[in-house]
A.B. asks: 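After the C-alpha cells below, expect a handful of questions from me.
For reference, positions follow the sequence shown, starting with 1.
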Amino acid sequence: MTAPQGRVASAILWGAAGIGGVVLLAAAALWFHYGTAVFFETITAGISACF
C-alpha cells in the first residue's frame, strides 16, 4: 500500500516548515541570549568560513 502522492508532498512540506520554524526559533533564542553583536559576528564568521 502506498500513500497518495499529494499526501507525501504535504508531509514533506509540513516537515520542511517545521524544521524551518525550529531553526528560526533557535536563531531568536541565540539572539536574545548572546545579544546582537555576538550573533552577527557568529553569522559573519560562518559565512567567511564557507567562502
Side-chain angles (χ1 to χ4, degrees):
M1 296 187 141
T2 60
Q5 192 171 7
R7 281 189 79 144
V8 173
S10 178
I12 291 172
L13 184 63
W14 278 108
I19 290 171
V22 168
V23 167
L24 285 176
L25 185 64
L30 288 173
W31 184 305
F32 287 118
H33 185 266
Y34 292 112
T36 57
V38 174
F39 182 79
F40 283 123
E41 286 177 13
T42 304
I43 297 298
T44 306
I47 291 173
S48 67
C50 289
F51 299 108

A.B. asks: Listed by chain and number, what are the side-chain contact (heavy atoms from CB on, under 4.5 Å) partners of T36, not counting sequence neighbours?
C.D. replies: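 W31, F40.
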A.B. asks: Name all residues meeting the side-chain contact (heavy atoms from CB on, under 4.5 Å) criterion together with L13; count only those two or more places apart in sequence or in a different chain, and write none if there are none.
C.D. replies: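 With sequence neighbours excluded, L13 shows a side-chain contact (heavy atoms from CB on, under 4.5 Å) to no residue whatsoever.
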A.B. asks: If two hydrophobic side chains count as joined below 4.5 Å and joins carry through other members, does V23 share a cluster with Y34?
C.D. replies: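 No, V23 and Y34 fall in different hydrophobic clusters.
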